[in-house]
2 protein chains.
Amino acid sequence: MADSTPSPALQLGNQLCFAVYAATHAFTRVYKPLLEPLGLTYPQYLVLLLLWERDDRSVKELGEPLFLDSGTLTPLLKRMEASGYVTRRRDPTDERTVRVSLAAKGRALREKAPAIPEALFCASGLSVEQLASLRRAITEVSGRLRESAKEGPASPVRQKPSRGRAPAPARMRRPR
Amino acid sequence: MADSTPSPALQLGNQLCFAVYAATHAFTRVYKPLLEPLGLTYPQYLVLLLLWERDDRSVKELGEPLFLDSGTLTPLLKRMEASGYVTRRRDPTDERTVRVSLAAKGRALREKAPAIPEALFCASGLSVEQLASLRRAITEVSGRLRESAKEGPASPVRQKPSRGRAPAPARMRRPR
DNA sequence: CGCCATCGCATTGCGCACAATTTAATCGGA
DNA sequence: TCCGATTAAATTGTGCGCAATGCGATGGCG
């Protein structure tokens, strides 16, 4: 057997996720040599982009646009704090939330940062219009997926609750 | 200070890498609940897609379209071998290369796999034409970046050679 | 035949990504 | 006032992603 054309729409779904996955790595490889001398990784740079746009955000507010949770961001932000790009402190009005702000080094970097997206623009060899429409299309898809994720799977599927994780024996929280 | 519009093209570069990064995670979250009951992760599924298209590839051939190297693929493929999806064996004509082939379980999965991209298609809520043009655009950009990566950075940048790694005390290779 | 450059994979160490769990703070109602 | 539910981070364990290192296999050279 082995059907020859399983349906254009289904082929497309796989090709698309494949292409996006590969594109992320392609972008990472363009940015990495530029970020390395700054002591930044690619996700750390994306966090800086968010803070340049609007400073002083909670961890949750940083994770939402990137589809990341606190488990990923906490150690990442601690490293950024250690390298002097941001500061972390508890919100006085709600001790549960940690607010992340730009430190001097993070603000200063903003001035020389334009060289970084410029490299991507040159390497892509595409016009501003092409890149703009591509960005719009990708953002559109992400938005749709985000919405339908909230309302549960749109297809006849279901989610298994467990998969064997691990205990969490100890805690230590903020010494105060 | 703090310029208001640093240039549309540069803004665009950042917005685009940001959008692609977020889209990858959005796709992952749609596929994960579908792949979990099969014992597959998202990158493992992408490897299966490649093998369904053409079986019996070397590790290098698998890594190229995904922008992944052997350091990432070797443990991933070992897990896929352990769960019965693929087989790994040395090429008899060149003992250096490892060839990866579909095992029975991997071939069998192909039949029920269409349910997976279908979920993405439904969740996206976009037309086949929109998805197709999006796929074309992303593939185009990835291809350009791949090319310009070969010829070195297109911008006035340079790559630092070292970054402090670690020793590699032991080896063990194929017992034969 | 032996030397050496090159190629291809495995291994190691670090950082990102996520699910599950725990702790702490806040808010609502009895 | 006290109790339960909700919310926000942090922590832990597993798996992905990459740079650097090591070694066997191959091939060109004398």
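From a predicted model like this one, the values you see are computed outputs, not experimental measurements. In what follows, chains are A, B, ... by sequence order, proteins preceding strands, each numbered from 1.
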Contacts of A:Arg57 meeting salt bridge (charged side-chain N to carboxylate O under 4.0 Å, His left out) (sequence neighbours excluded), chain-then-number -> none
Rounded off to whole Å, could you give me the [atom1]-to-[atom2] distance for the [X] and [N] pair?
{"X": "A:Leu35", "N": "C:dG15", "atom1": "CG", "atom2": "P", "answer": "15 Å"}
{"X": "B:Leu77", "N": "C:dA10", "atom1": "CG", "atom2": "C1'", "answer": "12 Å"}
{"X": "B:Leu76", "N": "C:dC9", "atom1": "CG", "atom2": "C1'", "answer": "15 Å"}
{"X": "B:Glu95", "N": "D:dC23", "atom1": "CD", "atom2": "C1'", "answer": "14 Å"}
{"X": "B:Asp69", "N": "D:dT21", "atom1": "CG", "atom2": "P", "answer": "15 Å"}
{"X": "A:His25", "N": "C:dG15", "atom1": "NE2", "atom2": "C1'", "answer": "13 Å"}
{"X": "B:Leu66", "N": "D:dC18", "atom1": "CG", "atom2": "P", "answer": "10 Å"}
{"X": "B:Leu40", "N": "D:dG15", "atom1": "CG", "atom2": "P", "answer": "13 Å"}

Can you give me the closest heavy-atom contact between [X] and [Y], atom names plus distance?
{"X": "A:Phe67", "Y": "B:His25", "result": "CB-CB, 3.5 Å"}
{"X": "A:Leu34", "Y": "A:Ala119", "result": "CD1-CB, 3.4 Å"}
{"X": "A:Leu38", "Y": "A:Tyr85", "result": "O-OH, 2.5 Å"}

Phosphate OP1/OP2 of D:dA10 contacted by A:Arg88 side-chain N/O (<4.0 Å): yes
So, OP1 or OP2 of C:dG15: does either fall under 4.0 Å of a side-chain N or O from A:Lys78? no
The answer to which of A:Gln44 and B:Ser70 contacts DNA chain C further toward the 5' end, by nearest nucleotide, is B:Ser70
Take A:Thr93 and A:Pro43, find for each the nucleotide of DNA chain C with the closest heavy atom, and name the residue whose nucleotide sits nearer the 5' end. A:Pro43
Is the backbone N or O of A:Pro33 less than 3.5 Å from a side-chain atom of A:Glu36, with the two atoms forming a donor-acceptor pair by type? no
With nearest nucleotide decided by heavy atoms, which residue, A:Tyr21 or A:Arg99, maps closer to the 5′ end of DNA chain D? A:Arg99
Identify, between B:Asp94 and A:Arg29, the residue whose nearest nucleotide on DNA chain D lies closer to the 5' end. A:Arg29
Aromatic contact between B:Tyr42 and A:Tyr21, with the criterion being ring centroids under 6.0 Å apart: yes or no? yes
So does B:Thr74 reach the base of C:dA10 with its side chain, donor to acceptor, closer than 3.5 Å? no
Ionic contact status for B:Arg88 with B:Glu81, cut-off 4.0 Å: yes
Among [options], which nucleotide sits nearest the side chain of [X]?
{"X": "A:Thr97", "options": "D:dA8, D:dT26, C:dT26", "answer": "D:dA8"}
{"X": "A:Arg90", "options": "D:dA10, D:dG15, D:dC18", "answer": "D:dA10"}
{"X": "A:Val98", "options": "D:dC18, D:dA9, C:dC9", "answer": "D:dA9"}

Report which part of the nucleic acid [X] touches: base, sugar-phosphate, or nothing (heavy-atom distance under 4.0 Å, all strands).
{"X": "B:Phe67", "result": "sugar-phosphate"}
{"X": "A:Leu73", "result": "nothing"}
{"X": "A:Ser58", "result": "sugar-phosphate"}
{"X": "A:Thr24", "result": "nothing"}

Tabulated below should be each protein N or O lying under 3.5 Å from an N or O of nucleotides 2-7 of chain C; please produce it.
from	atom 1	to	atom 2	distance (Å)
C:dC7	O2	B:Arg96	NH1	2.8

So, taking the atom named CG in B:Leu145 and the one named CD in B:Glu140, what distance separates them when rounded to the nearest 0.5 Å? 10.0 Å
